[in-house]
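The structure appears below as structure tokens.
Small disclaimer: the values here were computed from a predicted structure and weren't measured. Every chain is numbered from 1 and lettered A, B, ... according to where its sequence line falls, protein lines coming before strand lines.
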Amino acid sequence: MPELPEVETVRRTLIELVAGKTIDHVTVTLPRIIQRPTEPEWFAADLAGKTVQTVERRGKFLRLLMDDLVLVSHLRMEGRYGVYQQDEPVQKHTHVIFHFTDGTELRYQDVRQFGTMHLFKPGDDLQSPPLNKLGIEPLSETFTEQSLSNILSKRTSKVKPLLLNQAYVVGLGNIYVDEALFAAGIHPERTANTLLPEEWSRLHKAIADTLRSAVEAGGSSIKSYVNGQGEMGMFQHQLAVYGRANKPCARCGGNVEKKVVLGRGTHYCLQCQPLEA
DNA sequence: AGGGCACCTCGGGCGC
DNA sequence: TGCGCCCGAGGTGCCC
């Protein structure tokens, strides 16, 4: 589910909902989620008494800054946060609860149990796995046409897998990769080192534009995504190719194709995204 | 370096 | 129409 636009939307809603609140205690009911420290009891003990300062984002990771600790949280496919009163019934698939001193709770739910949480000293988190190998932020000033082609233009693999790899550019997942490649008119299976300069230029613009528009729309709710306030995103209504297999392409009327590329469902229009430059 | 699979559960689609 | 099974799902990390 959550790619950059969804994580950014969650970040914004979480700031509103939990900044300034102090943790009384933490309950972990699925130890697997807690990756660091190694024992969930230590995780809970470290967080007791901490106050949430703010919430930041690095790629698809949330960083909850709490006094002298940083909680690094990844939602993977279906993780979600919500804030509740402590007497509200706890929904299925709730794995971690941060109980605040004011009687409210931040609850982490994750149907597929893929999400992760790591606890670090501030600063250490950016130098350690899982954050230390992340690539460029596509909505930052460092993401330029030049930086994109510098990183990828000599690569010999297909362009879609490269864009999904968080070591180069962060934040793109299966939905927005397909959308950005469509907007750029580039076939997902083009070999990266065959892209022309104007194609790198189009791709750069397409990635930035697609992600910005999706953030503005509050992300895409395809299956389960909601933000920290339980609200759905709206960008799913603007998707041009993702989820539109065998429907007409909005630009040319041709057929939107779907095939598996590297194990991922991949959507594109052969007329708008030819295999040859 | 690049490809394949594993980690989980749920729901949709298909066949009987 | 109803049930049960199989497959796929938005992400990453580890294996070879």
Starting at atom [atom1] of [X], determine the distance to atom [atom2] of [N], rounded to an integer number of angstrom.
X        : N      : atom1 : atom2 : result
A:Tyr242 : C:dG8  : OH    : C1'   : 10 Å
A:Phe61  : C:dG11 : CZ    : P     : 12 Å
A:Lys133 : C:dG11 : NZ    : P     : 21 Å
A:Arg112 : B:dA6  : CZ    : P     : 14 Å
A:Tyr176 : C:dG11 : OH    : C1'   : 15 Å
A:Leu62  : C:dG11 : CG    : P     : 15 Å
A:Leu131 : C:dG13 : CG    : C1'   : 15 Å
A:Gln35  : C:dG11 : CD    : P     : 18 Å

Keeping the roles fixed (side chain from [X], backbone from [Y]), state whether a donor-acceptor pair exists under 3.5 Å.
X        : Y        : value
A:Glu3   : A:Tyr176 : yes
A:Gln109 : A:Tyr81  : no
A:Arg212 : A:Glu216 : no

Which part of the nucleic acid, if any, lies within reach of [X] when heavy atoms closer than 4.0 Å are counted: base, sugar-phosphate only, or nothing?
X        : result
A:Arg32  : sugar-phosphate
A:Lys92  : sugar-phosphate
A:Gly173 : sugar-phosphate
A:Thr116 : nothing
A:Lys258 : sugar-phosphate

Aromatic-base stack, A:Phe114 on C:dT12, cutoff 5.5 Å, angle under 30: no

May I ask you to evaluate whether [X] reaches the phosphate of [N], defined as a side-chain N or O under 4.0 Å from OP1 or OP2?
X        : N      : result
A:Arg76  : B:dC8  : no
A:Gln166 : C:dT12 : yes
A:Ser157 : B:dA1  : no
A:His74  : C:dT12 : yes

Selection from [options] that lies nearest to any side-chain heavy atom of [X]:
X        : options               : result
A:Thr156 : B:dG2, B:dT9, C:dT12  : B:dG2
A:Gln113 : B:dC10, B:dC8, C:dT12 : B:dC8
A:His93  : B:dC10, C:dA9, C:dT12 : B:dC10

All ring pair (Phe, Tyr, Trp, His ring centres under 6.0 Å) counterparts of A:Phe114, not counting sequence neighbours: none

Between B:dG11 and C:dT1 - P atom distance, rounded Å: 22 Å

Euclidean distance for P, C:dG11 against B:dA1 (whole angstrom): 23 Å

Side-chain H-bond candidate by donor/acceptor type, A:Ser147 with A:Thr144, under 3.5 Å: yes

No-hydrogen, no-angle side-chain donor-acceptor test under 3.5 Å, A:Asp110 and A:His95: no

Validation row: A:Lys21, A:Phe98 side chains within 4.5 angstrom (heavy atoms): no

Selection residues 28-53 of chain A - residue pairs positive for salt bridge (charged side-chain N to carboxylate O under 4.0 Å, His left out), sequence neighbours left out: A:Lys50-A:Asp68

Secondary structure of DNA chain C in dot-bracket form (Watson-Crick or G-U wobble, distances below 3.5 Å, | marking inter-strand pairs): .||||||||.||||||

